[in-house]
Number of protein chains: 2
Amino acid sequence: MAKKQQEKSQQTMNELMASAIELFGKNGFVQTSVSEITEHAGYAKGSFYRHWNSKDELFLLIVEQKLKRYRETRNGKVDKATNLAEAMDVIWDFLESIINDKNWSSIFLEFTVYSAKSEILRKLMNKSVYRLSNEIFAELVRDHVETDFPPEKIGALNTALFEGYLIHRSLGTQVLSIKDVRQAAIALALSNGSKQS
Amino acid sequence: MAKKQQEKSQQTMNELMASAIELFGKNGFVQTSVSEITEHAGYAKGSFYRHWNSKDELFLLIVEQKLKRYRETRNGKVDKATNLAEAMDVIWDFLESIINDKNWSSIFLEFTVYSAKSEILRKLMNKSVYRLSNEIFAELVRDHVETDFPPEKIGALNTALFEGYLIHRSLGTQVLSIKDVRQAAIALALSNGSKQS
DNA sequence: TCTCAAAAGTGACCGCAGGTCATTTTTCGA
DNA sequence: TCGAAAAATGACCTGCGGTCACTTTTGAGA
């Protein structure tokens, strides 16, 4: 029965991960130290590195898990969209659900910009598992684009507007509401990808 | 003649600042250490803190200086704009000049997101001296808006799209070109602030 | 029940960061 | 030439991410 040891190890991982999610969510990525995470879970620092190779690695795992969950809540709704406007509505319902997840949108932003400094992280962040990526939006929109404007660009412009809004938001600037940005993004997508304006 | 000492002090500041600009420009804000800055200029670490209270403080000074210079190259052109489309062209010529300044746009982005974590820095970054700010764009656009859409929102949406593009860019994603974003931003501004679409 | 190798857990330690400050060196008017 | 004031120094502080030799716990087989 080596099973029990594995279970214990898994249990420890879960506890450390829960602690990490709580502290990252409260204080952000950089401002949360590995010592804090382990201490808060009742372990010593060294235990962290038995389970993950770096703070980055655990954070990416959390991001992957969170994105997966966001997407699940979105499932089904996508197929119902019959035109570009409806597809954009689905996308923005999705984006708003991220914004409503405490301050995780700010933390994603923080990590995204942080990741730009490392080539390895940069490559990872361009994968859709870790990112509210251009290409995912492009996919959702592709079937409904009526012009020859590239769907990837519609997706990327949408991402840009959203992430630009995250910056605006994380600085505490109050000029834009999420509704303003949603409207603008949809108007932009329609003007590029829809036959009538 | 206490002048000579002041001059020497000023000289040291200039040397340290030049060293900082070079190293920040090459490696970014976080990845450039104060020791590197002083060493590269031929001083000891302590000398840095005789002139500035923190790394942040010097960086803000550099930002202020750079923004001032960008704006100077823009002066005059603003007054010539007779409608919203021309005003947007002036703004985007300005933004492109920032993008063309080596990788400083990425570094501004890095510091902007970094600053969100400190209340003091956040407040500073909302001032127009330190930021490619919403309100500056709003000002440039105000006289040419023909609808009742708030000029501040036009400015803020423009900033969001630009900074979102900076993220896209710093991740090395190649889907969007600066031209794409410029077109989108101008289309967006015109659709909100111009009578005919 | 006892044994002991393997797995889990520990925390002192490393190099380096931003920042401090008592001390040394340089400057320059009297 | 002298000495106070200004400039420059670098050892030192705390805290970071990460390492690893060590101790403790676990559990299958005798």
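Letters A, B, ... are given to chains in the order of the sequence lines, protein chains preceding strands, and every chain is numbered from 1.
DNA chain D is contacted by both Thr32(A) and Gly46(A); Thr32(A) maps to the nucleotide lying nearer its 5′ end (nearest heavy atom per residue).
Atom pair Lys117(A):NZ and dG17(D):C1' shows a separation of 14 Å (rounding to whole Å applied). Regarding Phe48(A), its CZ atom lies at a distance of 14 Å from the P atom of dC16(D), rounded to whole Å. One interatomic measurement links the two molecules: CG of Asp56(A) to C1' of dC16(D), which rounds to 13 Å at whole-angstrom precision. Distance, Tyr114(B) OH to dG18(C) P: 9 Å, rounded to whole Å. In this structure, CD of Gln6(A) is placed 13 Å from P of dG9(C), rounded to the nearest angstrom. Counting to the nearest Å, the C1' atom of dA7(C) and the CZ atom of Arg50(A) are 7 Å from each other. In this structure, Tyr43(B) places its OH atom 16 Å from C1' of dG10(D), rounding to the nearest Å. Atom CD in Glu39(A) sits roughly 10 Å away from atom P in dC16(D) (whole-Å rounding).
Taking only side-chain nitrogens and oxygens, Lys55(B) comes nearer than 4.0 Å to OP1 or OP2 of dG18(C). OP1 or OP2 of dA8(D) lies within a sub-4.0 Å distance of a side-chain N or O belonging to Thr12(B).
Contact annotation for Tyr49(A): base contact, defined as any heavy-atom pair under 4.0 Å involving a base atom. Across all strands, Ser9(B) comes closer than 4.0 Å only to sugar-phosphate atoms, never to a base (heavy-atom distances). In this structure, Thr38(B) reaches neither bases nor backbone, as no heavy-atom distance under 4.0 Å exists between it and the strands shown. Note on Ser47(A): a base of the nucleic acid sits closer than 4.0 angstrom, heavy atoms only.
Nearest nucleotide to the Ala44(A) side chain, out of dG17(D), dG18(D), dT10(C): dT10(C).
Aromatic ring pairs are classed by plane angle as parallel below 30°, tilted from 30° to 60° and perpendicular above 60°; the pair Phe48(A) and Trp52(A) is tilted.
If you check distances only, the side chain of Lys45(B) does reach the base of dG18(C) with a donor-acceptor pair under 3.5 Å.
Judged by distance alone, with hydrogens and angles left aside, the side-chain atoms of Glu110(A) form a donor-acceptor pair with the main-chain N or O of Phe29(A) at under 3.5 Å.
Asn192(A) and Thr147(A) share no donor-acceptor pair across their side chains, judged by distance under 3.5 Å alone. A donor-acceptor pair shorter than 3.5 Å can be found between the side chains of Tyr43(A) and Glu15(A).
A ring-ring contact (aromatic ring centres under 6.0 Å, His included) with Phe111(A) is found for one member of Tyr130(A), Phe59(A), Trp104(A) and no other, namely Phe59(A).
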